[in-house]
Amino acid sequence: MMVPTRRLLLGALAAAALAAPAAAQTTVTITHALPLDSHYGAGSQAFKEAVERLTQGRFRVNIQRNDNEREAIEATQIGTQEFTITSTGPVGNFVREVLVLDIPFLFRDYEHARGVLDGPIGQELLAKFTPRGLIGVAWMENGFRNLTNSRREVATPADVQGLKIRTMENQVHMRAFQTLGALPTPMAFSELVPALQQGTVDGQENPIPVIVANNLNQVQRFLSLTRHVYSPAVLIANPAFWNRLNAQDRAAFQEAAKAAVKANRDRVTADEQRGVALLRERGMTVRTEVDTAAFQAALAPAFEQYNRQFDAALIARIRDWKPGS
Ligand code: EAX
């Protein structure tokens, strides 16, 4: 029998390679409301890098910006995109149980918030997404929200009275600002800057990472570090896409989600450290000392309402969380 020459062998392999279908590559889309150079962008890029590496390029991640978070959640629900990173602002309209997370002054600091969301409570709340036609993949972070406006410095609840404040499409936030005597106007993030430029609203509230990433210093003069709400974000997936993944690929996407959470939180921490100085450099008047106790006292009627309206036991579990508990 004739021994095949090396050339014949390589020829056969090349033919076989040409015949074998290239490993099919699937492109998945993830959106978020903020630019790539932001705490959401840091998360989505870490997600992209890990998905493409862990699936040997069988999946490619396409990152897009959609600054209407409610629309992005709907698109993920119906499957015109596979993933979105969104604040919990509009999520309560889809998964009511999540609304408790937006109660003002519920979280003491980042350790408290991250500890609760990374623990059993966080998992319990992620599981509430499934019956609503969404997959809650992982808790990410937007940050502690602070008040900005173009009218006056704010240090006490009295300073908020009568201000027209843009809020997210979130009934918990709207009730809080109504209770403080402000005039809350809910709108999508996509409408915020024009509304501030045209004076439709006087102010808005967002974490320092959002104010920095979107140059809100260009349309707002005063920033007060009210830290009145810890704003979680969440990575959501389309159920049909997620359930179609085999176990190995789903594990790869979950691993990538962990990388996204770490990159996102690290960026929030960095932005919090540099934010005040940077925004002062950009011309904002920043008030770091705010009468938090007075804000909490002024919100007492709202807290009573939240306890009646939502799961009071869950609110207490969150409030009483301690490291290691
Ligand atoms: O999630 O709408 C908001 O103010 C959010 O903080 C922003 O879209 C980032």
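As the structure lists them, so they are numbered: ligands from 1, and atoms in each ligand from 1.
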Yes or no on side-chain hydrogen bond (donor to acceptor under 3.5 Å, both in side chains) for Arg308 and Gln305, after CA distance, side-chain angles and deciding distance?
CA-CA 5 Å; Arg308 282 196 298 274; Gln305 179 86 25; 3.2 Å; yes

Look at the rings of Phe253 and Phe47 and say which category their plane angle falls in: under 30° parallel, 30 to 60° tilted, over 60° perpendicular.
tilted

Ligand 1 versus Thr86, non-hydrogen atoms closer than 4.0 Å: side chain, backbone, both, neither?
neither

So the atoms of ligand 1 within less than 4.0 Å of a heavy atom of Glu69 turn out to be 1 (O), 7 (C), 8 (O), 9 (C)

With nothing but distance in play, are any N or O atoms of Tyr40 less than 3.5 Å from an N or O of ligand 1?
yes

Under 4.0 Å from a heavy atom of Ser87: which atoms of ligand 1 are those, numbered in the order shown and with their elements?
1 (O)

Please determine whether a side-chain nitrogen of the Lys or Arg among Arg132 and Glu97 lies less than 4.0 Å from a carboxylate oxygen of the Asp or Glu.
yes

Is there a side-chain contact between Phe222 and Asp202 (heavy atoms, below 4.5 Å)?
no

Heavy-atom contact check, 4.0 Å cutoff: does Arg145 meet ligand 1?
yes

With heavy-atom distances below 4.0 Å as the criterion, list the atoms of ligand 1 near Arg166.
2 (O), 3 (C), 4 (O)

Would Arg274 and Asp271 pass as an ion pair if we require N to O under 4.0 Å?
yes

Considering non-hydrogen atoms of the protein only, which is the closest contact for atom 6 (O) of ligand 1, and what is the distance?
Asn206 OD1, 2.6 Å

Return a yes/no value for Glu205: is any of its N or O atoms, backbone included, closer than 3.5 angstrom to an N or O of ligand 1?
no

Checking Arg53 now: which residues fulfil side-chain contact (heavy atoms from CB on, under 4.5 Å) with it, not counting sequence neighbours?
Glu49, Ala50

